[in-house]
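Both backbone and side-chain heavy atoms feed into the values below; hydrogens, waters and symmetry mates do not.
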Amino acid sequence: MALVITRLMGGLGNQMFQYAAGYALSRRWNVPLFVDPGFLDARPPGMNWTPRELELDVLKAPLSFPTDQQVRSYRRELDVRAVRVAHRYFPRVFRSRCFVERGPGFDPAFLRIKPPIYLEGFWQNEAYFRGVANELRACFEPKGSPTASVRRTLEDIRTLRSASVHVRRGDYVSNAEASAFHGTCSPAYYQDASRWLVREHGVEHFHVFSDDPDWARKNLSLGRPTTFVDPGIGKDAHWDMYLMAHCTHHIIANSSFSWWGAWLDPHPDKVVVAPNIWYQGNATPSSHFIPSSWTAR
């Protein structure tokens, strides 16, 4: 049976990108989608990345998992040199069953692949799944019921012309390699973006979401009444994304969690501000990642 298997890597935002790309491909060809959590489960000696777990299970997205044998079969060309060579030099005879992301930004070759296929990459561009946007927004609704605190914050957001502000710190600060590669958005970026939204789009209130709320309170002065939302912790973090999506406009960080908080807002007149540079370590521009309707500042 032909399958689409997508490898899960990173935290919730990254896992959503990987699911979304796999989902779009599986829908195009009407075949099952499986998610491979093997990388999340691994804890190799000397690992220099932040350990993660399966986080998609807090959302309504249907999850199916491949067997170890299926994963080995699909990934064989990545793990066995002779198979890699055969696929490279004799593609008509040995058709590849793996498609590995080749760099940031949308790769049109993605549209030419067909199952059976194993996807390995981050796929951080809506062009991979724009055609199933409404289905994905339904898949990415939270399971369960919001807490009383979440409900109160949601009522506040609905009565105000508000903008979400996401401040991503966490391992971008605590992990030296992540810090060097990702970098963090400065207070100046948030102040510039907030002033622009107030001046040009009439924003009346800001709701700040952060994994480091103490830093945000001490360093952000946004020029309008501001609510610093108590962060969702662990398996409850997705409620922050849910609340962000209900704001009128958005200021995001260079973060996949941020990206989804803005993208899940379905309103076509929303304004989304993103930092000019997404990966500060190699000065990768945000244009590789954000929709053309968003604004980089």
Side-chain angles (χ1 to χ4, degrees), residues 10-17 50 55 58-59 137 140-142 146-174 182-194 196-198 201 203-267 270-275 278 286 289-290 294-295 297:
L12 177 59
N14 282 320
Q15 292 177 36
M16 290 168 70
F17 275 115
T50 303
E55 297 186 38
V58 299
L59 306 176
R137 287 190 172 99
F140 291 156
E141 290 180 0
T147 64
S149 176
V150 170
R151 291 197 301 271
R152 284 194 299 270
T153 302
L154 181 59
E155 284 303 309
D156 288 343
I157 287 171
R158 284 174 168 166
T159 60
L160 298 165
R161 189 170 181 80
S162 66
S164 72
V165 180
H166 187 243
V167 180
R168 170 72 157 85
R169 288 176 63 79
D171 60 348
Y172 281 17
V173 176
S174 63
H182 292 281
T184 56
C185 296
S186 68
Y189 159 70
Y190 290 107
Q191 289 161 2
D192 172 73
S194 63
W196 182 73
L197 284 179
V198 169
H201 299 282
V203 167
E204 302 168 343
H205 197 102
F206 292 98
H207 283 80
V208 177
F209 302 83
S210 179
D211 55 5
D212 191 347
D214 290 340
W215 185 93
R217 287 187 177 93
K218 291 175 183 176
N219 290 277
L220 297 190
S221 177
L222 303 177
R224 283 293 184 273
T226 302
T227 299
F228 292 88
V229 180
D230 290 336
I233 303 299
K235 284 288 191 177
D236 288 329
H238 64 297
W239 288 109
D240 284 3
M241 188 183 291
Y242 168 82
L243 289 170
M244 290 165 63
H246 282 82
C247 291
T248 308
H249 301 305
H250 311 274
I251 301 173
I252 70 171
N254 54 334
S255 155
S256 58
F257 191 97
S258 254
W259 192 101
W260 284 106
W263 188 89
L264 288 172
D265 175 359
H267 295 102
K270 68 187 176 186
V271 176
V272 182
V273 183
W278 200 258
S286 291
F289 306 97
I290 65 173
W294 296 9
T295 300
R297 293 180 69 87

Under the 3.5 angstrom rule, does the side chain of [X] hit a backbone N or O of [Y] as a donor-acceptor pair?
X: Thr159; Y: Ile157; value: no
X: Ser162; Y: Arg158; value: no
X: Gln15; Y: Gly10; value: yes
X: Ser210; Y: Asp212; value: yes
X: Asp211; Y: Arg169; value: yes

Report yes or no: do His207 and Ser164 form a side-chain donor-acceptor pair below 3.5 Å?
->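 No, no side-chain donor-acceptor contact under 3.5 Å.
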Shortest non-hydrogen pair, Arg168 vs Thr184, comes out as O-CG2, 3.9 Å
Please identify each residue that fulfils salt bridge (Lys or Arg N to Asp or Glu O under 4.0 Å) with Asp192, with sequence neighbours left out.
->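 If we apply the salt bridge (Lys or Arg N to Asp or Glu O under 4.0 Å) test to Asp192, skipping adjacent residues, the hits are Arg297.
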Using salt bridge (Lys or Arg N to Asp or Glu O under 4.0 Å) as the criterion, list what pairs up with Glu141, not counting sequence neighbours.
-> Lys60
Pair Arg152 + Glu155: basic N to acidic O under 4.0 Å | no
Check residues 238-247 and write down every donor-acceptor pair under 3.5 Å in which the side-chain atom is one partner and the other belongs to a residue at least two apart or another chain.
from: His238; atom 1: ND1; to: Lys235; atom 2: O; distance (Å): 3.0
from: Asp240; atom 1: OD1; to: Gly232; atom 2: N; distance (Å): 3.2
from: Asp240; atom 1: OD2; to: Gly232; atom 2: N; distance (Å): 3.3
from: His246; atom 1: ND1; to: Tyr242; atom 2: O; distance (Å): 2.8

Would you confirm whether the ring centroid of Trp259 sits within less than 6.0 angstrom of the ring centroid of Phe289?
-> no
Mind telling me whether His201 and Trp196 have parallel, tilted or perpendicular rings, with 30° and 60° as the class edges?
->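 Ring orientation of Trp196 relative to His201: perpendicular.
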